[in-house]
Amino acid sequence: MSIAANIQKIRAELPESVILVAVSKTRTVEEIQEAYDAGHRVFGENRVQELIAKAAILPSDIQWHLIGHLQSNKVKSLLPFVRLIHSVDSLKLLAVIDREAAKQNKIVSCLLQFHIATEETKFGLNIREALELLGSHDFSLMKNIRLKGVMGMASFSQDTNQVRNEFRSLSQIYQQLKQEFFSGDGGFSVLSMGMSSDYLLAVEEGSNMVRIGTNIFGER
Ligand SMILES: *Cc1c(COP(=O)(O)O)cnc(C)c1O
């Protein structure tokens, strides 16, 4: 099936309210252009250099999301191009983004990334670290950050129950943070979870932003 047909098929499975991020890491500009020509505008990249290089060439109304780990020394070059950073996993990184956003006269939208999977290698906060971050004086002083929600990746597992439980735990974290720190702030509204192998489960557990690469563009 074509890229356009794949997007159409996935779109038809998703509730209207769920945002589809087409994960375009390792894909060519031509492949992304094909998705763009089919009407798609939201793309996710996991490396800053690749995002910037593609943003420079492709149409300017694309909304670029950074979904991969972000190093402090890349923040400055990323900010002019990025619409949403999914992968904030420390107060230190958030402080760097805030400082650089102020210099560039911007408000930067970010998600807190949580570690919900069993694999050791994945980045992300746990709930204790997140509560500490959100309750900190340093965070309360940040004026150029807009925290919009949370992101997480489930385990690479065939065990649907386990994957479902991991999504459920992230959904509970999202609800808890929303209630404790962002009540009355309609802007805290993003629950980013679900990839090619598990997005339908994620949506069942409340996801409103899915990040899909393989099922749109084929195997990497
Ligand atoms: C690569 C990636 C995805 C998409 O993975 P697919 O299995 O190709 O859909 C989603 N989220 C993150 C953080 C990724 O790195």
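Not measured: the values here are computed from a predicted model. Each ligand, and each atom within it, is numbered from 1 in the order the structure gives.
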Pair Phe188 + Phe181: ring centers closer than 6.0 Å: no
Within 6.0 angstrom of Asn105 CG, more than 12 heavy atoms from elsewhere: no
Crowding at NZ, Lys178 (>12 non-hydrogen neighbours, <6.0 Å): yes
Heavy atoms from other residues, nucleotides or ligands near CZ of Arg164 exceed 12 (cutoff 6.0 Å): yes
Phe123 and His69 aromatic ring geometry - parallel, tilted or perpendicular at 30°/60° bounds: parallel
Could you check ligand 1 for N or O atoms lying under 3.5 Å from protein N or O atoms and list the pairs with distances?
| residue | atom | partner | partner atom | Å |
| --- | --- | --- | --- | --- |
| ligand 1 | 8 (O) | Thr214 | N | 2.8 |
| ligand 1 | 8 (O) | Thr214 | OG1 | 2.6 |
| ligand 1 | 8 (O) | Arg220 | NH1 | 2.8 |
| ligand 1 | 8 (O) | Arg220 | NH2 | 3.2 |
| ligand 1 | 9 (O) | Ser196 | N | 3.0 |
| ligand 1 | 9 (O) | Ser196 | OG | 2.5 |
| ligand 1 | 9 (O) | Gly213 | N | 2.8 |
| ligand 1 | 11 (N) | Arg211 | NE | 2.9 |
| ligand 1 | 15 (O) | Lys25 | NZ | 2.7 |

Flag side-chain contact, heavy atom, 4.5 Å: Leu58 against Trp64: yes
